[in-house]
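Read through the structure below, which is laid out as structure tokens, and then see the notes.
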Amino acid sequence: MNRLLDDLNEAQRAAVTTTEGPLLIIAGAGSGKTRVLTRRLAHILYERLAEPYQILAVTFTNKAAGEMQQRVASLLGGCIEKLSVSTFHSFCARLLRREAGELGYDTSFTIFDDIDSVSLVKSCITELGVNVNQFAPKAQRRKISNAKNQMTSADVFASSASGYFEETTARIYLLYEKRLRECNGMDFDDLLYNTVLLLKDNKAVGERYRNRFRYVMVDEYQDTNHVQYLMLKHIIGAHHNVCVVGDEDQSIYGWRGADIRNILDFEKDYPGAKVIKLEQNYRSTQTILGAASAVIAHNEARKGKTLHSSGQVGDPVKLLYVDNAETEAAKIVDYIDQGRLDTPLNEMAVLYRTNAQSRAFEEQLRRRNLPYQIVGGIAFYQRKEIKDLLAYLKLIANPLDDVSFQRIINYPKRSLGAKSVGVIMELARRESRSCYQIIANADSYPELAAILRRLMPFVDLVERFRKKHQEMPIDLFAQELVDELKLISILLDEDKTVGRTRVENIEAFIEGAATFARTNGPTTLVDYLESISLYTDLDAYQATEDKVTLLTLHAAKGLEYDSVFIVGLEDGLFPLQRAMDDPMELEEERRLFYVGATRARKRLYLSTASSRFRFGEVMSIPSRFIKEIPEELIDAVNLKTLPTRTHRPTPARSLFGDSTTDAAVPEGVHYEWDNDHAGLRPGRIVQHPTFGRGKIVGADGFGESLRLEIMFTGIGIKKIMAKYARLKVVG
DNA sequence: ATTCCCGACGTTTTT
DNA sequence: CGTCGGGAAT
């Protein structure tokens, strides 16, 4: 009677039809999760259990949200307006746009992206006169972010801080919050944090949303962090109709605060919860699934489930031993080229641990004229030229935004350097106004008399465009701004080599704005900026074009390909060095491997290089994950040339033991290197290029992560990473 | 004020 | 290796 239940297995059908009360769906890789989610949504609507606007469905990426929305629409034969399938962040942004006043923000608040946020932290650090070397803006911002993800306000953080370092972080946090508010800005974390504040503490607002949403659905629940967890708690009404879908084996965002306990403890959190496991894998061959399952079985923190493959046995996992990153790329591109005979390029993907690894593959692919696309890397909207242009738009939309102000007040050059900006900032602080508000009234401040002539054109420009922006579509607006600033010719003059691509990026930006204007009809500048802030490169990715895809393992989550190449499988790279001493982090790396391997439908290739350039040269040994795959599933190919070592050791390398300088690496799999920095132990006297002579007084960690405390004469104790410092043992 | 050069420093993954 | 920031030179 209801075709929504067609071609679903029993577990899937149960998941779709269990609509009332808390429900946990454990969805193994390739088990038809998206299908279940969309059918479930459609089922609720089809059965008239709720109106579209009464359902809240959240995912982690805009792309996933968009796809889900579309699939539900096509299941129900029409477009579903008002169905809010969105990301956590965009849902919160929309809610806050409406309710910002309740928290004392203006509704045109600006969303500070990562870069903006770090630069604000940095200026706070400078303002406090704190040593920037001791308190790196990025690290501080990370701490603030972690705090917010735990719903720890600056005040609470400050009251529990002890010791100089924590107390200083607390001061930075407090000032950062103050400045952020003055800018009428929210960072990414605030979107979630403030939403929780509202839902929790504001009776009227909380009630409104709790009454509205009759059904709540969350995808990728294993990746939710504490704030997101709280947000759900506070938005779910008395009905407790909450359905979460996830897979603890695919939790790979712990470093961003995701708390795997959310999914592990769901049944405790929501008493009476039903649990449905989807264990039938429809994607991969038995071999691939067997390899992935064998590896993940080494993890302790699991609910435990067994995936069954319905596919064929398939080819063995191919394992490549190569000399270095270049040969690795060359050989893999060989395989890609050959594979082209029966697999289209868009069905092949190269997965790596760090973005930096993409370069070698790009080179090889370009050399062979094989089309490719990279997902991720430097996000489009984070490019300098785009950020600059965006800063104009942001300042026009929000004159309180001092961060954007500082970015563009002297770009293009207006002869307003650090000194002038300093004067403006001081005035701003004194008058409790934003920088822009100060210069908009520059003539009433004698301090600005000297630079008045240089300020006026800038104010004039911003004012003219502010008046304009409601009258025209956003792309024309941006175009006029670019023309007015003469950005194109400035970019071309500025830099011969990258100027051209920057201009192209500006053009692409305007193109994107045009698309936005076309699809969203008449919108405000604020809406447009919001959509950009929450946009990621991944959202634009489509595997439809006939191109090989290069992407990180993280970015690959949720995607699938016929052939998958997981490269750089070396201890120290994958798993990363820092994860190797910590069992929890190691488990996360293992899950990452599991995610990667289960992206493959038919063929899985792994590769490991015996030496790889990373800050000078580092020898490496095959990833421990390789050994966790049953041998009978692997077809190993040794492409190493012997003898291997032809390079001369760099200064840093000479610190390592001599075992690596042996000319020939034995045939096959096993080679090791001395992980100790010979002689770098307490008591020794060392020579440092900048600090001079010093005595090692403490050591911590080993190998790559060896940290030393060295007492330098006349300087004091310094903490130094042995792998970076060019230390020489002298006594 | 701007430009250019050098050294320090860091690198995971991203909504 | 690349980026970024600081400092000196123009």
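Bear in mind the structure is a predicted one, so any value in this text is a computation, not a measurement. In what follows, chains are A, B, ... by sequence order, proteins preceding strands, each numbered from 1.
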Enumerate donor-acceptor pairs with a distance under 3.5 Å from any side-chain N or O in residues 528-535 of chain A to protein atoms, sequence neighbours excluded.
residue, atom, partner, partner atom, Å
A:E530, OE1, A:R97, NE, 2.8
A:E530, OE1, A:R97, NH2, 2.9
A:S531, OG, A:Y528, O, 3.0
A:S533, OG, A:L529, O, 2.8

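- Between A:S415 and A:T61, the residue anchored closer to the 5' end of DNA chain B is A:S415, taking for each the nucleotide with the nearest heavy atom.
- Closest to the side chain of A:R256, from the set B:dT3, B:dT14, B:dT12, is B:dT14.
- Listed pair A:T552 / B:dT14 meets the phosphate criterion, a side-chain N or O lying under 4.0 Å from OP1 or OP2.
- We find that CG of A:L551 is positioned 13 Å from C1' of B:dT14, with the value rounded to whole Å.
- As rounded to whole Å, 15 Å separates atom C1' of B:dT13 from atom CG of A:N225.
- Residues passing the side chain to side chain donor-acceptor pair (under 3.5 Å) test with A:E248: none are found, sequence neighbours excluded.
- Between the A:Q150 side chain and the A:H226 main chain, no donor and acceptor come within less than 3.5 Å of each other.
- At a threshold of 4.0 angstrom between heavy atoms, the contacts of A:S420 are confined to the sugar-phosphate backbone, with no base atom among them.
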* Could you please spell out the steps behind the salt bridge (charged side-chain N to carboxylate O under 4.0 Å, His left out) verdict for A:K33 and A:D219? => CA-CA 9 Å; A:K33 177 189 73 170; A:D219 193 11; 3.3 Å; yes

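- In this structure, A:I111 and A:H89 have side chains that are not in contact, with every pair of non-hydrogen atoms separated by 4.5 Å or more.
- Ion pairing between A:K148 and A:D187 holds under the 4.0 Å rule for side-chain N and carboxylate O.
- Summary of the strand contacts: A:A579 and A:R414 both lie near DNA chain B, and taking for each the nucleotide with the nearest heavy atom, the more 5' one is attributed to A:R414.
- Going from the C1' atom of B:dT13 to that of C:dC4 covers 22 Å, rounded to whole Å.
- Nucleic acid contact class of A:F88 (heavy atoms, under 4.0 Å, all strands): none.
- Within the 4.0 angstrom heavy-atom criterion, only backbone atoms of the sugar-phosphate kind lie near A:N355; the bases stay farther away.
- In this structure, A:L197 and A:M151 have side chains that are in contact, with non-hydrogen atoms separated by less than 4.5 Å.
- With B:dT15, B:dT13, B:dT12 as the choices, the nucleotide that has an atom nearest any side-chain atom of A:H554 turns out to be B:dT13.
- Within 4.0 Å (heavy atoms only), A:R591 reaches no atom of the nucleic acid at all.
- Spacing between atom CZ of A:R454 and atom C1' of B:dT2 amounts to 13 Å, rounded to whole angstrom units.
- Contact annotation: A:K413 reaches the phosphate of B:dT3 (side-chain N/O to OP1 or OP2, under 4.0 Å).
- Taking the charged nitrogens against the carboxylate oxygens, A:R407 and A:D116 have no contact shorter than 4.0 Å, which rules out a salt bridge.
- Taking atom CE on A:M186 and atom C1' on B:dT15, their separation rounds to 16 Å, with Å as the unit.
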Please produce a list of atom pairs where a protein N or O lies less than 3.5 Å from an N or O of nucleotides 3-8 of chain C.
residue, atom, partner, partner atom, Å
C:dG5, OP1, A:K122, NZ, 3.3

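- Between the P atom of B:dT14 and the CG atom of A:L192 lies a distance of 18 Å, rounded to the nearest Å.
- Note: CG (A:D187) to P (B:dT15) measures 16 Å, nearest angstrom.
- The A:N410 side chain lies nearest to B:dT2 when the options are B:dT15, B:dT2, B:dT13.
- Side chain of A:T87, nearest nucleotide from B:dT13, B:dT15, B:dT2: B:dT15.
- Separating the CD atom of A:Q577 from the C1' atom of B:dG10 is a distance of 15 Å, rounded to the nearest angstrom.
- Stacking between A:W255 and the base of B:dT13 is present: ring centres sit under 5.5 Å apart and the planes differ by under 30 degrees.
- In this entry the distance linking CG of A:L573 with C1' of B:dT12 reads 9 Å, nearest Å.
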